[in-house]
Amino acid sequence: MSEQENQIDALSGDSKAIVTNQDGVHEKLEQIVQKHLAHRFEKPYQQHTLTAFEALDAKVKAWGGEVILDACCGVGQSTRLIAKQNPQALVIGVDKSAHRVNRNVEEHFPVDLAGVSNFDIIRADLNDFYRLVAQANWPIVKHNILYPNPWPKAKHIQRRWHGAAVFPSIIKIGDTIELRSNWRLYLEEFLLAAKLAGRNGQITEVKLSAADTPITPFEAKFINSGQQCWQLTIS
């Protein structure tokens, strides 16, 4: 099963457990991360991401307060929930898919989000957007990466965020960085990469009570399928 099919199954009902051909942390992860930390990522920016960033950059500067970044936000449920929980902050959700960003899903959300307006959801290539945010030094107090595509095949290590060329920018963004995944190894690898970049963190179980709302549709499906979800907090 491909990574994309695994994600689609998670939304449609039965969420399959992640299958990988790795026995543990990828053997080349440290070498890959050190290479990226030592060399500047200079891929040209895509115009649609530049345009989206420039509009938001003006808004962030005018806001003058806390900013929370919700990367890989999908349909934006997490962005809206975070905005409701943090009315003092401007919450920015970013996803590469125009289809997901433009879906009108608020009517299906499990909680009332009426009146919540302190957020923006945009389509952008995070490989570009991350670099622009890091260069602009936005006052990000929290940076969320919730249930990213795991890319569990060993050969795809550099498609995972901690193995990507943009990782040096990712790890600079946010006083706190929070990742969630149903694949603990993903978080173990990210934590190792973070330590190589000079930041420490801790992995804990995601524990929701009956009264808690899953923060994303993926989290709801994983939990309903009996899978354990994990959280990495980097401070």
Side-chain angles (χ1 to χ4, degrees), residues 1-10 16-50 52-53 69-74 94-98 100 123-135 140 143-174 177-201 203 216 218 222 229-234:
M1 176 177 292
S2 71
E3 293 81 6
Q4 291 86 349
E5 286 170 338
N6 185 59
Q7 295 279 0
I8 291 168
D9 278 350
K16 304 297 190 298
I18 290 175
V19 177
T20 180
N21 58 345
Q22 286 184 219
D23 295 326
V25 169
H26 197 286
E27 61 181 10
K28 293 185 178 180
L29 177 62
E30 185 170 348
Q31 174 187 342
I32 290 168
V33 173
Q34 294 287 19
K35 180 186 71 173
H36 292 326
L37 290 172
H39 297 90
R40 183 181 177 87
F41 183 31
E42 296 186 345
K43 172 180 171 287
Y45 299 122
Q46 296 187 54
Q47 186 58 50
H48 77 276
T49 298
L50 274 171
F53 172 80
L69 178 61
D70 186 25
C72 310
C73 71
V94 184
D95 197 271
K96 68 179 181 180
S97 167
R100 287 193 293 267
R123 175 187 172 236
D125 182 339
L126 279 160
N127 288 285
D128 297 346
F129 194 82
Y130 272 135
R131 289 181 288 155
L132 292 165
V133 170
Q135 290 167 19
I140 307 289
H143 172 192
N144 288 337
I145 308 175
L146 304 175
Y147 301 98
N149 191 328
W151 296 105
K153 295 179 181 178
K155 67 180 181 180
H156 291 152
I157 178 62
Q158 294 191 74
R159 298 186 188 183
R160 302 172 201 163
W161 284 124
H162 45 275
V166 74
F167 177 75
S169 293
I170 293 174
I171 203 63
K172 291 178 181 177
I173 297 171
I177 305 175
E178 180 181 302
L179 290 88
R180 290 190 185 186
S181 179
N182 63 326
W183 190 30
R184 183 184 171 106
L185 184 58
Y186 190 102
L187 303 185
E188 292 173 353
E189 289 188 343
F190 197 103
L191 178 56
L192 173 58
K195 288 180 177 178
L196 293 171
R199 299 190 69 169
N200 293 311
I203 298 173
T216 73
F218 284 126
F222 294 148
C229 295
W230 305 90
Q231 177 174 305
L232 167 61
T233 303
I234 295 172

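- The heavy-atom pair separating I140 from I173 by the smallest distance is CG1-CG2, 3.8 Å.
- Between Y130 atom OH and F41 atom CZ the span is 13.0 Å, to the nearest 0.5 Å.
- Counting only heavy atoms from C-beta outward, the side chains of C229 and F218 never approach each other to under 4.5 Å.
- Within a 6.0 Å radius of CG in D23, other residues, nucleotides and ligands contribute 12 heavy atoms or fewer.
- Using a 4.5 Å heavy-atom threshold, the side chains of H143 and I234 count as separate.
- With rounding to the nearest 0.5 angstrom, the NZ atom of K172 is 11.5 Å from the CZ atom of R199.
- Of the listed residues (L69, I177, D70), just one forms a side chain to side chain contact (heavy atoms under 4.5 Å, CB included) with N144, and that residue is D70.
- The shortest side-chain heavy-atom distance between W161 and V166 falls under the 4.5 Å cut-off.
- What you find for A124 and V94 is that their closest heavy atoms are CB-CG1, 3.8 Å.
- Scanning both residues, L191 and G201, for their nearest heavy atoms gives CD1-N, 3.5 Å.
- By the 30° and 60° cut-offs, the orientation of the rings of F190 relative to F167 is perpendicular.
- The aromatic rings of W183 and Y186 are tilted relative to each other, their planes meeting at an angle between 30° and 60°.
- Remark: E188 CD to H162 NE2 distance equals 10.5 Å, nearest 0.5 Å.
- Between the side chain of H36 and the main chain of P168, no donor-acceptor pair closer than 3.5 Å is present.
- Atoms NE2 and CH2, from H156 and W151 in turn, are 6.0 Å apart once rounded to the nearest 0.5 Å.
- Although no hydrogens or angles enter the test, the distance criterion places no donor-acceptor pair under 3.5 Å between the side chain of R131 and the main chain of Y45.
- Heavy-atom minimum distance, I18 versus P152: CG2-CB, 3.6 Å.
- Residue L146 holds its CG atom at 6.0 Å from CD of E178, rounded to the nearest 0.5 Å.
- Summarising the geometry of D95 relative to C72, their closest heavy-atom pair is OD2-C, 3.6 Å, with the distance given to 0.1 Å.
- No donor-acceptor pair closer than 3.5 Å links the side chain of D128 to the backbone N or O of L50.
- More than 12 non-hydrogen atoms from other residues, nucleotides or ligands lie less than 6.0 angstrom from NZ of K43.
- Note that OG1 of T49 and NZ of K96 are 12.0 Å apart. Values are rounded to the nearest 0.5 Å.
- Nearest approach of Y147 to T216, heavy atoms of both residues: CD1-OG1, 3.6 Å.
- Side-chain contact between E189 and Q22 is present, with heavy atoms from C-beta onward closer than 4.5 Å.
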